[in-house]
Amino acid sequence: MTGTLYWNFCFALFGFSLYFFLAFPDGTPGKVLLDSFLTAAAFFFLMSGIRKLIHLGMEKPPAEKEEGIPVIPEAGHIGRVHLQLQIKSMVRTK
């Protein structure tokens, strides 16, 4: 997922605060607190879904094969060094 749990907790705090300050003048403190916590949980999971959608939107499409030749994904530094060593060993044996 994109982002961290920090964003989920911030969004949950926003939901808690929003519901608490809008509902406090009209309701009993116990009911307002309980409903505020339930709203915070809903906002937490809502932000999780938003982060997941952002991640899916930013994800690169999988590599596809062209005419039977597999596309090699970009290797990290270790992968490149290993590939260079294999090529050097193949060149030396010939």
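Sequence positions, counted from 1, serve as the residue numbers for this chain.
- Minimum heavy-atom separation, N8 to S48: ND2-OG, 2.6 Å.
- Annotation: ring-ring contact (aromatic ring centres under 6.0 Å, His included) contacts of Y19 (sequence neighbours excluded): none.
- Pairs of residues two or more places apart, or lying in two chains, never qualify as salt bridge (Lys or Arg N to Asp or Glu O under 4.0 Å) while including a residue from residues 8-21.
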Test side chain to side chain contact (heavy atoms under 4.5 Å, CB included) applied to L5 and R51, step by step: CA-CA 10 Å; L5 281 177; R51 286 178 46 220; 4.1 Å; yes
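- As a member of the Ile/Leu/Val/Met/Phe/Trp/Tyr network built from side-chain separations under 4.5 Å, L56 groups with nothing else and remains a singleton.
- Between A12 and A40, the closest heavy-atom pair is CB-O, 3.3 Å.
- When hydrophobic residues (I, L, V, M, F, W, Y) are linked wherever their side-chain heavy atoms come within less than 4.5 Å, L13 remains an isolated member.
- Pairs passing the salt bridge (Lys or Arg N to Asp or Glu O under 4.0 Å) check and including a residue from residues 16-31, sequence neighbours excluded, read K31-D35.
- For F24, the ring-ring contact (aromatic ring centres under 6.0 Å, His included) partners two or more places apart in sequence, or in a different chain, are F20.
- For F37, the ring-ring contact (aromatic ring centres under 6.0 Å, His included) partners are F16, not counting sequence neighbours.
- Residues forming a ring-ring contact (aromatic ring centres under 6.0 Å, His included) with F9 (at least two apart in sequence, or on another chain): F44.
- Residue pairs meeting the salt bridge (Lys or Arg N to Asp or Glu O under 4.0 Å) criterion with at least one partner in residues 5-23, sequence neighbours excluded, are absent.
- The hydrophobic clustering, which links ILVMFWY residues whose side-chain heavy atoms are closer than 4.5 Å, places L38 and F14 apart.
- In this structure L46 satisfies the side chain to side chain contact (heavy atoms under 4.5 Å, CB included) test together with F11, I50, sequence neighbours excluded.
- No path of Ile, Leu, Val, Met, Phe, Trp and Tyr side chains, each step under 4.5 Å between heavy atoms, connects F45 with Y6, placing them in separate hydrophobic clusters.
- One finds the SG atom of C10 at 13.5 Å from the CZ atom of F43 (value rounded to the nearest 0.5 Å).
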